[in-house]
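Predicted, not measured: the structure shown is a model, and the values here were computed from it. This chain uses plain numbering: 1 for the first residue, then up along the sequence. Indexing begins at 1, ligand by ligand and atom by atom, following the structure's order.
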Amino acid sequence: MKVTALAGGIGGSRFLRGVRAALPDADITVIGNTGDDITLHGLRICPDLDTVMYTLGGGISAERGWGREAETFVVAEELAAYGVGPAWFGLGDRDLATHLVRTQMLDAGHPLSDVVAALCVRWAPGVRLLPMSDQRVETHVIISDEQGQRAIHFQEWWLRLRAATPATSIVPLGAEKATPAPGVLDALADADVVLLPPSNPVVSIGTILAVPGIREAVAKTSAPVVGVSPIIGGAAVRGMADACLTAIGVETSAQAVGQHYGGRGRTGGAATGLLDGWLVDPVDAATIVPGAAVAARPLLMTDLAETTAIVRAALELAGV
Ligand code: GDP
Ligand code: CA
């Protein structure tokens, strides 16, 4: 069975551990978000791709959910002693090695997709991890504060401002000129099932879908497409996804996010959206997404067994 999933960082990678456990023999392709990527201290950093790689490769900090286990922050402390920021980005010593390897390879002319493949040789994540694009896309957030209206990098809004300053809009800069990385469109066209994990619908899944060709490939794949709600009972389970949804005018509810993705309507009605199935938590069981089947089961990814059961429910909804 060929499974293709779009994924952000923490929510996506937790879900992917369940996909791997539910389908140990499947050929799993992950299309990762690169909109969170940032260059700091001359190093190219890809937080979401690394979170997937470390989580599936057994190197993630279980406590933090991002970055490496047994991490130290000596280099970050030394930079701070020089007064060199930004202090809001957690740059661990072990993690730095990944950014050094990546930056060297990119500077030598290798495309990001080759770099990710090379890094994954070490981590053996058990999935084929593809960046959504080899071209740079960086999510920026338009905010208004005492300095007036301005655009800041998504990471600054998310980490320094904790998304507390309302965003007027969220823009994946460069997306319109980007092309899907090699293998991305084929992985969507050839899949037996396409999964949208409970990742941030705006800055993770939304950014991947903003690369021209990817949304269309999800919409027209012959495989069933099933999404899992990142919103339970009107709240983002972890993190501040509600601030992102507010910025694009979507209510923080399982139903609003399902309707934002839209049903494919293959069972009748207009086919305009992406979903054949939308899995929600029992508290959201009344959810309606025209053109998609809705099913409910508890959606808290508390441990691997529970996450695997969530994945099985998504596969059942997909009919595979
Ligand atoms: P990020 O890039 O690290 O922010 O991670 P993702 O975009 O992949 O996922 C973040 C989203 O995961 C959050 O906005 C939450 O809504 C969602 N999430 C986190 N934990 C859970 C969980 O246990 N269950 C569900 N349904 N969603 C979750
Ligand atoms: Ca992210």
Side-chain angles (χ1 to χ4, degrees), residues 5-19 30-38 45-56 60-62 64-67 89-90 129 131-132 137-141 153-159 162-163 170 172 195-209 226-248 250-258 260-261 278-284 287 295-311 313-314:
L6 276 49
I10 297 180
S13 51
R14 281 191 193 193
F15 182 80
L16 290 168
R17 287 181 69 215
V19 175
V30 178
I31 301 169
N33 172 42
T34 60
D36 293 11
D37 294 7
I38 189 166
I45 301 172
C46 302
D48 282 2
L49 292 175
D50 287 355
T51 297
V52 172
M53 185 174 78
Y54 294 155
T55 302
L56 297 181
I60 200 80
S61 160
R64 276 181 274 120
W66 57 268
F89 197 91
L129 177 59
M132 64 192 200
V137 177
E138 285 191 9
T139 302
H140 277 63
V141 178
H153 194 288
F154 168 73
Q155 296 290 359
E156 184 177 358
W157 183 64
W158 197 248
L159 299 174
R162 311 300 304 168
I170 298 181
L195 297 174
L196 303 189
S199 281
N200 188 308
V202 184
V203 295
S204 293
I205 305 288
T207 309
I208 300 171
L209 294 171
V226 167
V228 177
S229 178
I231 305 299
I232 299 178
V237 187
R238 296 181 184 87
M240 305 153 301
D242 50 331
C244 301
L245 287 165
T246 303
I248 64 161
V250 174
E251 187 191 305
T252 301
S253 72
Q255 174 162 298
V257 173
H260 172 65
Y261 288 144
W278 184 233
L279 189 61
V280 300
D281 191 89
V283 296
D284 301 307
T287 293
R297 70 103 48 217
L299 289 188
L300 268 185
M301 299 187 285
T302 45
D303 58 23
L304 183 57
E306 192 55 21
T307 307
T308 307
I310 294 172
V311 172

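- In terms of N/O distances under 3.5 Å, ligand 1 is not approached by Val228.
- Distance remark: protein heavy atom present below 4.0 angstrom from atom 2 (O) of ligand 1.
- What sits closest to atom 14 (O) of ligand 1 on the protein, heavy atoms only, is Ala241 CB, 3.2 Å.
- Near Asn200, with a cut-off below 4.0 Å to any heavy atom, the atoms of ligand 1 are 6 (P), 7 (O), 9 (O), 10 (C), 11 (C).
- Between His260 and Gln255, every side-chain heavy-atom pair lies at or beyond the 4.5 Å cut-off.
- Close N/O approach between Ala7 and ligand 1 is not found [any backbone or side-chain N/O within under 3.5 Å].
- Considering CD1 of Ile231 and OG1 of Thr252, their distance stands at 5.5 Å, rounded to 0.5 Å.
- Protein heavy atom nearest atom 24 (N) of ligand 1, with residue, atom name and distance: Leu299 O, 2.7 Å.
- Ligand 1 has Leu300 within reach: a non-hydrogen atom of the residue lies less than 4.0 Å from it.
- Geometrically, ligand 1 and Ser13 share no nitrogen or oxygen pair separated by less than 3.5 Å.
- Within the 3.5 Å criterion, the main-chain N or O of Asp36 finds a donor-acceptor partner in the side chain of Gln155.
- A distance-only check finds no donor-acceptor pair linking the side chain of Ser204 to the backbone of Pro201 [under 3.5 Å].
- A donor-acceptor pair under 3.5 Å is absent between the side-chain atoms of Asp284 and the main chain of Ala254, judged by distance alone.
- Although no hydrogens or angles enter the test, the distance criterion places a donor-acceptor pair under 3.5 Å between the side chain of Ser199 and the main chain of Gly8.
- Looking from atom 23 (O) of ligand 1 to the surrounding protein, the closest heavy atom is Met301 N, 2.8 Å.
- Looking only at heavy atoms of the protein, atom 4 (O) of ligand 1 is closest to Trp158 CZ2, 4.6 Å.
- With salt bridges taken as basic N to acidic carboxylate O contacts below 4.0 Å, one links Arg297 and Glu306.
- By the 4.5 Å heavy-atom criterion applied to side chains, Pro230 and Phe15 are not counted as neighbours.
- Around the Ca ion (ligand 2), protein N, O or S atoms at less than 3.0 Å comprise Asp36 OD2, Asp48 OD1, Asp48 OD2.
- Between the Ser253 side chain and the Ala256 main chain, a donor and an acceptor come within less than 3.5 Å of each other.
- Closest to atom 13 (C) of ligand 1, if we only count protein heavy atoms, is Arg238 O, 3.2 Å.
- Note: Leu49 CG to Ser13 OG = 11.0 Å, rounded to the nearest 0.5 Å.
- The protein non-hydrogen atom at the shortest distance from atom 8 (O) of ligand 1 is Ser199 OG, 2.6 Å.
- Using a 4.0 Å cutoff on heavy atoms, Asp48 counts as a contact of ligand 1.
- Nearest non-hydrogen protein atom to atom 16 (O) of ligand 1 is Pro230 O, 2.6 Å.
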When you look at Phe154 and Glu138, which way does the side-chain contact (heavy atoms from CB on, under 4.5 Å) test go after all the steps? CA-CA 8 Å; Phe154 168 73; Glu138 285 191 9; over 6 Å; no
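- The side chain of Ser204, and not its backbone, has at least one atom closer than 4.0 Å to an atom of ligand 1 (non-hydrogen atoms only; side chain from C-beta on).
- Proximity of Ser229 to ligand 1 is established by a heavy-atom distance of less than 4.0 Å.
- When atom types are taken as modelled, the side chain of Asp281 and the backbone of Leu299 share a donor-acceptor pair closer than 3.5 angstrom.
- For atom 18 (N) of ligand 1, the nearest protein heavy atom (residue, atom name, distance) is Pro198 O, 3.9 Å.
- In this structure, CG on Leu129 lies 8.0 Å from CE on Met53, to the nearest 0.5 angstrom.
- Trp278 pairs in a side chain to side chain contact (heavy atoms under 4.5 Å, CB included) with only one of the listed residues (Leu196, Val226, Val257, Val228), which is Val257.
- Asn33 contributes a side-chain N or O that, together with a main-chain N or O of Val203, makes up a donor-acceptor pair within less than 3.5 Å.
- The shortest N/O to N/O separation between Ile231 and ligand 1 does not fall below 3.5 Å.
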